[in-house]
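Atoms within a ligand are numbered from 1 in the order they appear, just like the ligands themselves.
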Amino acid sequence: MLKIAVLVSGGGTNLQAIIDEIEKGTVTNTEIAVVISNNKNAYALERAKQHNIPAVCVSPKDYGTREEFNKELLKKIQSFDVDLVVLAGCLVVIPKIMVEAYPNRIINIHPSLIPSFCGTGYYGLKVHEAALERGVKVTGATVHFVDDGTDTGPIILQKAVDVKQGDTPEILQQRVMKEAEWKIMPKAIDLIANGKIAVQDGKVVFVDKLEDC
Ligand code: GAR
């Protein structure tokens with residue numbers, strides 16, 4: 001059983017998608033051990049509680065320095081003895097100590113087709129604003145492993161979504177979530193939980209396809 005910690009900051013619709021797919025049985029071999037938010041008012045914490053999942057807040061506001069906060073966040077995750085850390089709308093910059101503690105064991109969902117519209121400053125609605133500003137006709141979402149760069153780790157899954165004339169950032173965000181994020185995030189967890197993927201030379205490969213070769 002893959003034990004996961006889900007890190008959130010806001011509404012938690014990606015968390016909800018993971019919970020739903022586990023309950024439906026489309027994501028197997030997976031247990032959410034804890035949901036951790038940096039923001040005590042995040043609705044994602046309520047979603048966790050409604051499903052009897054431990055929900056805790058570790059806020060940078062409660063610590064004197066960023067280093068102290070980073071250490072406490074890592075300590076909290078380690079106390080739940082998880083195999084995988086899932087960043088589901090988590091807007092905290094993941095510190096190096098966490099990447100070192102969980103090499104290729106942290107995944108993130110990003111609301112664009114990486115390497116477009118990613119890196120420092122690209123998060124949430126800002127990603128969709130930038131995509132509309134550039135006039136792209138296709139966007140989407142990406143799930144990737146987290147390394148010590150911003151949105152630079154090995155890509156696990158991507159799904160494209162059409163941009164429609166008249167889209168606002170909010171309308172586009174909803175379509176990208178519904179058509180891409182809520183599908184590929186649970187799917188990536190299921191692949192990891194069932195040993196279907198591996199990282200080779202910095203890229204994700206599908207283990208079954210390797211066996212076919
Ligand atoms: C999602 O769109 C996710 O892709 C984005 O934040 C939103 C969280 O929504 N994450 C990033 O931009 C990370 N760079 P949720 O709280 O409803 O899941």
Nearest non-hydrogen protein atom, [atom]:
{"atom": "atom 8 (C) of ligand 1", "result": "G89 CA, 3.5 Å"}
{"atom": "atom 17 (O) of ligand 1", "result": "T13 OG1, 2.6 Å"}
{"atom": "atom 9 (O) of ligand 1", "result": "M177 CE, 3.3 Å"}
{"atom": "atom 11 (C) of ligand 1", "result": "P111 CD, 3.7 Å"}

Charged N to carboxylate O under 4.0 angstrom, [X] versus [Y]?
{"X": "D162", "Y": "K137", "result": "no"}
{"X": "E100", "Y": "K96", "result": "yes"}
{"X": "E72", "Y": "K75", "result": "yes"}
{"X": "E68", "Y": "K71", "result": "no"}

ask   = With distance as the sole test, does T26 use its side chain to make a donor-acceptor pair with the main-chain N or O of K24 at under 3.5 Å?
value = no

key: Test item: N194 side-chain N/O and D190 main-chain N/O as donor-acceptor pair under 3.5 Å   = yes

Flag [X] as yes when one of its N or O atoms lies below 3.5 Å from any N or O atom of ligand 1, and as no otherwise.
{"X": "G12", "answer": "yes"}
{"X": "G124", "answer": "yes"}
{"X": "H110", "answer": "yes"}
{"X": "E181", "answer": "yes"}

inquiry  = With the threshold set at under 4.0 angstrom, would you say I109 reaches ligand 1 through any of its heavy atoms?
reply    = yes

ask   = Which residue, I197, L191, I109, forms the side-chain contact (heavy atoms from CB on, under 4.5 Å) with L157?
value = L191

message = If the cut-off is 4.0 Å to any non-hydrogen atom of Y122, which atoms of ligand 1 fall inside it?
response = 14 (N)

task = Just go through T142, N14, D151, V176 and tell me whose heavy atom is the nearest to atom 18 (O) of ligand 1.
result = N14

message = Could you tell me if the side chain of D167 sits less than 4.5 Å from the side chain of K164, heavy atoms only?
response = yes

